[in-house]
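First comes the structure, then the notes that go with it.
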Amino acid sequence: FRRVLFRSIPLSYYGAMTGRWSGADQINMQNIPRKSLLKRGIIAPEGHVIVGADLSNIELRVGLYFAGQIDKLKLLAEGKDLYKDFASSVFGVAYEDVDDAQRFIGKTSQLALIYGTGANKLREAIKTGSGKDIGEEMAKSIVSLYRTEYSDVRDLWYQGEDVLCAIYNDEEFIYGSKVMALTVDGSKGVQLPSKLYLKYPNLKFEGEGWDREWTYTEYRKVKRIYAPKVFQNTTQAVARCIMGEAMVRIHKRYPVALTIHDAVYCIVPEDQADTALEFILAEMCREPRWAKGIPLGAEGKYGKSLKDC
């Protein structure tokens with residue numbers, strides 16, 4: 001295949017409803033498969049390398065911070081693996097004795113259950129990823145355990161209904177926890193740290209009886225919205241704010257050529273690769289002034305092609 005010199009990629013600013021970037025000019029670099037050969041064909045110019053860095057578990061960290069789940073945030077700050085921590089509770093084994101299969105279940109559970117996933121979907125996700133069916137009873141027990149251990153996250157889900165009511169009725173509401181709170185500015189939506197808004201255009205509450213549900217319009221499509229989904233959207237939007245601020249700081253020293261979700265890629269002279277990687281990781285881990293104490297993490301590497309990063 002033909003190799004392409006990597007200098008910059010077109011992106012649509014605030015392309016997703018959560019504020020994240022999306023594809024532009026009929027190219028969507030956000031959706032390149034992890035093992036795609038295309039990544040090998042995108043290379044840095046002569047004398048340069050691509051330095052890539054990725055925010056670690058950013059949605060998990062932001063979600064716990066926003067919900068005020070202090071006990072779990074402390075574990076993250078101590079360098080603990082929350083996937084292993086939860087797996088140790090699920091299987092009743094010591095943290096150090098958690099094996100890879102158990103950690104996978106802990107990881108899948110953490111990433112799904114933070115957004116209110118139920119037992120059936122959790123069971124299916126674990127089966128899809130591991131080939132193992134944990135059964136209905138175990139799936140239900142994991143969900144119950146999570147909602148007990150992560151009670152602050154669970155409690156914040158329910159505020160999502162108040163958020164939707166405030167937007168619908170054009171009223172103000174303070175959304176969040178003792179650690180972090182955002183203002184719902186009436187029909188404008190949830191005001192983010194960036195001062196931009198998480199919006200739900202044409203929000204409606206329709207149906208009869210138990211079939212009533214909230215809907216909104218996104219790119220001419222009617223979509224359902226519900227309380228835990230509001231928490232997910234807000235978490236992703238706040239994560240985007242963290243990423244955006246880091247990119248601005250990084251770009252002042254090393255031009256940013258591309259961002260893919262929670263990762264940033266810069267074109268750097270070969271002799272500056274180590275220095276650049278250190279700088280970029282430090283900037284990505286810097287806590288925002290509006291999120292004091294959030295334990296951020298990042299990892300990265302560099303190479304000649306996008307695949308190397």
Check your understanding: Aromatic rings W157 and Y146: how do their planes relate, parallel, tilted or perpendicular, breaks at 30° and 60°?
Key -> parallel
Exercise for review: Take the angle between the ring planes of F66 and F231 and call it parallel below 30°, perpendicular above 60°, tilted in between.
Suggested key: parallel
Test your reading of the model: is there a side-chain donor-acceptor pair from [X] to the backbone of [Y], 3.5 Å cut-off?
{"X": "R61", "Y": "S56", "value": "yes"}
{"X": "R154", "Y": "R147", "value": "yes"}
{"X": "T217", "Y": "K221", "value": "no"}
{"X": "E287", "Y": "G293", "value": "yes"}
{"X": "S177", "Y": "V179", "value": "yes"}
{"X": "Q159", "Y": "L156", "value": "no"}
{"X": "S109", "Y": "I105", "value": "yes"}
{"X": "Y254", "Y": "Y265", "value": "no"}
{"X": "H251", "Y": "R249", "value": "no"}
{"X": "R123", "Y": "A139", "value": "no"}

If we ignore angles and hydrogens, is there a donor and acceptor under 3.5 Å between the side chains of [X] and [Y]?
{"X": "D71", "Y": "Q69", "result": "yes"}
{"X": "D81", "Y": "Y95", "result": "no"}
{"X": "S88", "Y": "D85", "result": "no"}

Taking atom [atom1] of [X] as the centre, report whether more than 12 heavy atoms of other residues, nucleotides or ligands fall under 6.0 Å from it.
{"X": "E161", "atom1": "CD", "result": "yes"}
{"X": "R289", "atom1": "CZ", "result": "no"}
{"X": "K178", "atom1": "NZ", "result": "yes"}
{"X": "K84", "atom1": "NZ", "result": "yes"}

Lys/Arg-Asp/Glu bridge criterion (N-O < 4.0 Å) met for [X], [Y]:
{"X": "K140", "Y": "E136", "answer": "yes"}
{"X": "D262", "Y": "R20", "answer": "yes"}
{"X": "D152", "Y": "K72", "answer": "no"}

Find the distance between [atom1] ([X]) and [atom2] ([Y]) and round it off to the nearest 0.5 Å.
{"X": "L192", "Y": "C241", "atom1": "CG", "atom2": "SG", "answer": "5.0 Å"}
{"X": "M243", "Y": "Q236", "atom1": "CE", "atom2": "CD", "answer": "14.0 Å"}
{"X": "K304", "Y": "D308", "atom1": "NZ", "atom2": "CG", "answer": "10.0 Å"}

Exercise for review: Output all residues satisfying ring-ring contact (aromatic ring centres under 6.0 Å, His included) with Y226, sequence neighbours left out; order by chain, then residue number.
Suggested key: none
Kindly indicate whether the side chain of [X], heavy atoms from C-beta on, has any atom under 4.5 Å from the side chain of [Y].
{"X": "T215", "Y": "I225", "answer": "no"}
{"X": "L203", "Y": "L164", "answer": "yes"}
{"X": "Y200", "Y": "V230", "answer": "yes"}
{"X": "M284", "Y": "I280", "answer": "yes"}
{"X": "Y302", "Y": "V268", "answer": "no"}
{"X": "P228", "Y": "Y115", "answer": "no"}
{"X": "N233", "Y": "K229", "answer": "yes"}
{"X": "I267", "Y": "P45", "answer": "yes"}

**Study point:** Single-linkage hydrophobic cluster, 4.5 Å side-chain cutoff, Y197 and M17 together
**Key:** no
Check your understanding: Is the Y168 to W214 ring centre distance short of 6.0 Å?
Key -> yes
Closest contact, heavy atoms only, [X] versus [Y]:
{"X": "S305", "Y": "R40", "result": "CB-O, 3.8 Å"}
{"X": "K121", "Y": "T117", "result": "CB-CG2, 3.5 Å"}
{"X": "V51", "Y": "A273", "result": "CG2-O, 4.4 Å"}

Review point. Yes or no on side chain to side chain contact (heavy atoms under 4.5 Å, CB included) for I142 and I134, after CA distance, side-chain angles and deciding distance?
Key: CA-CA 10 Å; I142 292 175; I134 63 173; 3.9 Å; yes
Point to revise | Row check, F279 ring normal vs R286 NZ/CZ: under 6.0 Å, within 45° | key: no
Revision key, fill the gap. Applying side chain to side chain contact (heavy atoms under 4.5 Å, CB included) to N120 and not counting sequence neighbours gives none
Exercise for review: Apply side-chain hydrogen bond (donor to acceptor under 3.5 Å, both in side chains) to Q102 and D100, showing your working.
Suggested key: CA-CA 5 Å; Q102 292 169 334; D100 290 343; over 6 Å; no
